Amino acid sequence: MATPTSAWEPRGRLAVPGASETVLTPDGETAFVATVDGFAAIDLSDPAQPTLLTRETEISPLRDGGVMGGIYDVKYDDGRLLVAGPAGYEPDVFHGLALFDVTDPASPVPIGGYRTAFPVHNCYLDGRHAYLTRNDGETNPLVVVDVVNGREAARWSVVDHDERWHDVDVSMRVIHDVWVQGDYAYLAYWDAGTWILDVSDPTDPSYVADIRERSVERLAGFTGVRVFRETNEPPGNDHYVATDAAGDLLAVGTESWNSNFGKEGTTPGPDDPGGPGGIALYDVTDPTDPVHRATVDPPPTADPNVNGVRTTAHNFDLADGRLYSSWYRGGVKVHDVADPADPEELRHFRRSSTTSFWTAQFAAPSETVVATSYRNPADLDDSGVVYTFPDAPRETPTRTPTPTATDTPTPTSTPTTTDTPSPAASSSPTVSPGLSPEATPSRPGSTDGGGTTGAETSADGPGFGPFAALAALGLGTWRLVSGDGLRGTRSGATADRSEDGD
């Protein structure tokens, strides 16, 4: 058994101003990092010396104008990188997607762009389809875009599934994130819970199950200032979801804190559920019947209130029987979840004074953990660092999962009336539901007043599969590669690699 240690220290680091979401190539040798104004590619072939390959900025996906901004999310799939934004309301930037061929990560090639009439806070790329979050202040749907034809393929929302959700305040049913694995999509729908869809036909998503702790009738009963409290405190606040590669284990991270609700002091009262929230683990070998196995508790915080010291989970990775997680100022953790009913903490790095972590990913070949601190609380001008850590040694054979279910929370494929608080104990700073703190301050529930529009269509691409079709579509539906189509500015491969300070 590996021994938990507080002496777990970074192996390497690279300053990347604006760094937030980070994704890795399957070989673990390249990281792509969203940087607000674009993205960066990083060489991780030597984890002790991460090196900047390129930085792409001033990305202009369509000929008719508009430069992307507010980019906090990127996704990688089969040699392509999807860049989405803005994450929140920014009227003066391009709204939508840019797609790049990154088979040579040092020289990304623009493939195409897609304009939306709404901000794209988070996205997922799976084959020829991009899955986008759309918070329009009405139905807050998942939008599926065919990236080969450059057209919207489908949309789905909890309101479409059950019109009673119209009666729930829109800020309680923000769609914050989406994960796709195999035939299923997993949607983090804030207080409305986590929803599982069958996307075996991406043009026709269908309901499979939902995991939530309160019924639609219960949520519809909250009005006024009570809504604010509920969108900040547990239970609920499903923020990020991910599965393992087999699609058998689902992790649901919650962003919940103590709203304090006008009370004095920093400690939640007896009737105050408090926060911060942790990461719940579910057995989804049968997606129609998710079974709660355990909840990984968050790191402690000295100030659990809104605008306090945030230690909730942001983004994380399930890989090779382990959970790699980022906890804002609570640091980075590694858990053994081979037995999801008994997660075991193996490693923890925390430096709350100078780091606030956005994401953690595992690079298998080099046994490296890659984690991005997007903010230095002590010096905002020094924010944005990509760290590499050695993984915890695998000293014993993988444990056999325990086939024992637990009673709470109640994951069902039908509404539930339970109102059980999440297992949590404190909290931290707030923003509008569905937005990551201190990064995208606009409200995702604001109405955008328009529909989705794609690039003009002039031809269909050859049928060589999603990537080959896109690469060949130089005169096709997406305005690709040549001339004044998708443009960007590339900076040189230089970066700071200074020593970390506490």
Side-chain angles (χ1 to χ4, degrees), residues 2-10 229 232-240 251-261 263-281 293-317 322-337 342-360 369 371-378 387 389 392 408-409 420-431 436-438 500 502:
T3 304
T5 176
S6 59
W8 191 47
E9 290 293 322
R229 178 175 180 178
N232 283 277
E233 292 188 338
N237 297 31
D238 289 11
H239 171 270
Y240 185 76
V252 178
T254 60
E255 285 208 340
S256 54
W257 323 281
N258 178 40
S259 72
N260 222 19
F261 205 55
K263 298 186 177 80
E264 295 182 358
T266 61
T267 304
D271 299 324
D272 190 341
I279 301 175
L281 302 175
R293 293 302 191 190
T295 296
V296 174
D297 292 330
T301 173
D303 184 356
N305 291 293
V306 169
N307 299 322
V309 178
R310 179 168 300 229
T311 60
T312 53
H314 192 253
N315 292 358
F316 42 81
D317 185 24
R322 290 185 173 179
L323 171 67
Y324 302 87
S325 53
S326 62
W327 301 85
Y328 291 110
R329 294 176 72 178
V332 180
K333 288 194 175 191
V334 180
H335 284 82
D336 182 344
V337 292
D342 184 26
E344 178 190 3
E345 183 177 310
L346 305 178
R347 292 290 184 268
H348 185 194
F349 170 84
R350 179 171 183 170
R351 194 162 291 160
S352 297
S353 61
T354 57
T355 62
S356 186
F357 283 92
W358 186 281
T359 193
V369 182
T372 301
S373 171
Y374 79 104
R375 184 173 183 267
N376 179 349
Y387 290 90
F389 298 84
T408 55
T420 307
S422 298
S426 19
S427 157
S428 215
T430 189
V431 292
S436 298
E438 308 160 323
D500 185 37
D502 195 1

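Quantities reported herein were computed from a predicted structural model and do not represent experimental measurements. Every heavy atom of this structure was used, including side-chain atoms; hydrogens, water molecules and symmetry mates were not.
- Note that CD of Glu344 and CG of Leu323 are 13.0 Å apart. Values are rounded to the nearest 0.5 Å.
- Taking 4.5 Å as the limit, every side-chain heavy atom of Leu346 sits out of range of all side-chain heavy atoms of Trp8.
- Ring geometry for Phe357 versus Tyr387: interplanar angle of 30 to 60°, hence tilted.
- Scanning both residues, Ala313 and Trp327, for their nearest heavy atoms gives N-CE3, 3.2 Å.
- Taking CG from Asp342 and NE2 from His335, the interatomic distance works out to 10.5 Å, rounded to the nearest 0.5 Å.
- What you find for Ile279 and Ala251 is that their closest heavy atoms are CG2-CB, 3.8 Å.
- Distance CG/Asn237 to OG1/Thr312: 9.5 Å, rounded to 0.5 Å.
- If you take NZ on Lys333 and CZ on Phe349, they are separated by 14.0 Å, rounding to the nearest 0.5 Å.
- Atom-to-atom distance recorded for Thr355:OG1 and Asn376:CG is 8.0 Å, nearest 0.5 angstrom.
- Judged by distance alone, with hydrogens and angles left aside, the side-chain atoms of Thr301 form a donor-acceptor pair with the main-chain N or O of Asp303 at under 3.5 Å.
- Nearest approach of Pro298 to Gly277, heavy atoms of both residues: CB-O, 3.5 Å.
- Of the possible donor and acceptor atoms, one in the side chain of Thr311 sits under 3.5 Å from a partner among the backbone N and O of Pro299.
- Formation of a donor-acceptor pair under 3.5 Å by the Ser326 side chain with backbone atoms of Asn315 is found in this model.
- Side-chain atoms of Arg329 never come within 3.5 Å of backbone atoms of Pro377 as a donor-acceptor pair (strictly under, hydrogens ignored).
- Partners of Tyr324 by ring-ring contact (aromatic ring centres under 6.0 Å, His included), not counting sequence neighbours, listed by chain and number: Phe362.
- Taking the six-membered ring where tryptophan is involved, the planes of His239 and His314 are tilted, since the angle between them lies from 30° to 60°.
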query: Does the side chain to side chain contact (heavy atoms under 4.5 Å, CB included) test come out yes or no for His348 and Val332, once each step is laid out?
result: CA-CA 6 Å; His348 185 194; Val332 180; 6.0 Å; no

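- By the 4.5 Å heavy-atom criterion applied to side chains, Phe316 and Val296 are not counted as neighbours.
- Side-chain N or O atoms of Ser256 include none that pairs as donor or acceptor with a backbone N or O of Asn232 at under 3.5 Å.
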